[in-house]
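Beneath this line is the structure, given in structure tokens, with notes to follow.
Computed from a predicted model, the values in this text were never measured in an experiment.
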Amino acid sequence: SLLFNAVAREELSVFFRREETFALGVCNGCQMLSGLKDLIPGSEHWPAFVRNQSDQFEARLATVEVQHSASVLLRGMAGSQLPIAVAHGEGRADFNSPRLIKLGQINRGIALRFVNNRGQVSEGYPYNPNGSPEGITGVCSKSGRVTLMMPHPERVFRSVQYSWHPANWGEYSPWFRLFQNARIWVG
């Protein structure tokens with residue numbers, strides 16, 4: 001009903017304005033939160049997530065570089081180039097305007113980019129499985145409290161979740177830091 005939708009929108013708006021809250025949207029959660037950007041302060045630069053350029057579902061490992069962003073969940077990870085699971089058919093970031101990408105860069109709102117085997121940002125398939133401009137596959141709000149990403153860090157936070165990993169990783173992959181950062185942030 002319209003009343004329920006109005007009440008739900010107001011409750012979500014209050015949640016996102018509270019400074020002690022944070023949120024992580026992965027894959028479908030990323031798509032959902034990007035659709036609610038009018039309720040989330042500092043998310044004006046966020047894209048919509050639309051059908052992959054390949055026009056097919058992509059499920060495999062890809063490499064991303066963590067950007068210098070405001071994300072509270074990615075603190076201390078900037079510059080890391082890490083393998084991560086992707087599994088989506090509608091993950092291409094559609095910014096509608098290059099101005100929004102620039103705004104995201106200014107606000108430290110670009111969180112993750114796909115890179116190729118040489119560590120260079122990639123728009124090309126297969127390194128960029130969805131065809132997002134400038135390889136962008138993760139964004140965050142200006143405050144850094146809301147982070148969206150198409151790849152799945154929850155599927156690769158333990159080393160045994162990879163078919164191969166460097167011996168020095170130990171039990172946890174570098175993606176475990178995202179979840180440690182969440183715990184640190186809440187105190």
Side-chain angles (χ1 to χ4, degrees), residues 22-37 43 45-95 101 104-105 108-141 144-166 169 172-182:
F22 72 99
L24 171 64
V26 173
C27 198
N28 295 117
C30 173
Q31 294 166 331
M32 182 202 66
L33 289 177
S34 74
L36 296 175
K37 74 180 187 177
S43 64
H45 63 279
W46 287 359
F49 290 88
V50 299
R51 189 89 179 130
N52 293 345
Q53 202 168 44
S54 66
D55 203 31
Q56 62 185 7
F57 183 83
E58 301 287 343
R60 56 192 158 83
L61 286 180
T63 303
V64 295
E65 181 176 46
V66 180
Q67 303 297 292
H68 293 276
S69 74
S71 173
V72 298
L73 299 175
L74 297 172
R75 283 196 178 142
M77 296 177 70
S80 300
Q81 293 183 355
L82 303 168
I84 193 167
V86 295
H88 57 263
E90 297 171 334
R92 181 170 48 92
D94 181 4
F95 286 92
I101 295 174
Q105 292 166 334
R108 295 184 334 133
I110 307 299
L112 297 174
R113 294 180 193 261
F114 287 115
V115 295
N116 63 23
N117 289 344
R118 292 188 178 96
Q120 301 162 326
V121 170
S122 180
E123 290 186 1
Y125 190 85
Y127 303 107
N128 179 334
N130 55 41
S132 290
E134 298 187 28
I136 297 169
T137 190
V139 294
C140 66
S141 63
R145 294 184 301 107
V146 183
T147 302
L148 310 183
M149 62 181 71
M150 284 309 297
H152 291 268
E154 80 285 1
R155 294 185 183 181
V156 289
F157 74 93
R158 295 191 61 220
S159 296
V160 298
Q161 293 171 300
Y162 289 92
S163 58
W164 178 90
H165 61 84
W169 276 9
Y172 296 102
S173 86
W175 287 110
F176 189 65
R177 174 105 186 235
L178 182 146
F179 302 101
Q180 290 174 313
N181 284 341

Pair V121, F114 - check side-chain contact (heavy atoms from CB on, under 4.5 Å), show working. CA-CA 6 Å; V121 170; F114 287 115; over 6 Å; no
Please report the C-alpha distance between E65 and L112 in whole Å, then the side-chain angles of each, then the deciding distance to 0.1 Å, and finally whether the side-chain contact (heavy atoms from CB on, under 4.5 Å) criterion is met. CA-CA 6 Å; E65 181 176 46; L112 297 174; over 6 Å; no
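Without hydrogens or angle criteria, S34 side chain to A48 main chain gives no donor-acceptor distance under 3.5 Å. Remark: the backbone N or O of S43 is not paired with any side-chain donor or acceptor of K37 at under 3.5 angstrom.
Using a 3.5 Å distance cut-off with no hydrogens or angles, the side chains of N52 and S54 do not pair a donor with an acceptor. Under 3.5 Å, the side chains of Q67 and R113 contain a donor-acceptor pair of N or O atoms. Side-chain atoms of Q161 and E154 include no donor-acceptor pair closer than 3.5 Å.
Within a 6.0 Å sphere centred on CZ of R118, heavy atoms belonging to other residues, nucleotides or ligands number 12 at most.
With respect to P174, the side chain to side chain contact (heavy atoms under 4.5 Å, CB included) criterion is satisfied by exactly one of L82, V66, I84: L82. Across C30, S71, C27, a single residue satisfies side chain to side chain contact (heavy atoms under 4.5 Å, CB included) together with L148, and that is C30.
Taking CG of N128 as the start and OG1 of T137 as the end, the distance is 7.5 Å to the nearest 0.5 Å. One finds the SG atom of C140 at 9.5 Å from the CE atom of M149 (value rounded to the nearest 0.5 Å). Remark: T147 OG1 to R145 CZ distance equals 10.5 Å, nearest 0.5 Å. Going from atom CD1 of I136 over to atom NE2 of H45 covers 9.0 Å, rounded to the nearest 0.5 Å. Rounded to the nearest 0.5 angstrom, W175 CH2 and L74 CG are separated by 6.5 Å. One distance of note links CG of N130 with CZ of F49; it measures 8.5 Å at 0.5 Å rounding.
Proximity of S122 to V115: side-chain heavy atoms (C-beta onward) are nowhere separated by under 4.5 Å. Counting heavy atoms from C-beta on, the side chains of R60 and P129 come closer than 4.5 Å. Side-chain contact check for S132 versus F95: every heavy-atom pair is 4.5 Å or farther apart. The shortest distance between side-chain heavy atoms of Q31 and H88 does not fall below 4.5 Å. Counting heavy atoms from C-beta outward, E58 and Y125 have side chains that approach closer than 4.5 Å. Considering only heavy atoms from C-beta on, L178 comes within 4.5 Å of L24 through its side chain.
Among all heavy-atom pairs drawn from P151 and V86, the shortest one is CB-CG1, 4.1 Å. Scanning both residues, N181 and M77, for their nearest heavy atoms gives ND2-SD, 4.5 Å. The two residues A93 and P133 come nearest to each other via the heavy atoms O-CD, 3.1 Å. Residues L73 and A182 come closest through the heavy atom pair CD2-CB, 3.6 Å.
Each salt bridge (Lys or Arg N to Asp or Glu O under 4.0 Å) pair with one or both residues in residues 74-93, not counting sequence neighbours, would appear here, but there are none.
The distance between the ring centers of Y162 and W169 falls below 6.0 angstrom.
Ring pair Y172/F157 is parallel by interplanar angle, where below 30° counts as parallel and above 60° as perpendicular.
For Y127, there are no ring-ring contact (aromatic ring centres under 6.0 Å, His included) partners at least two apart in sequence or on another chain.
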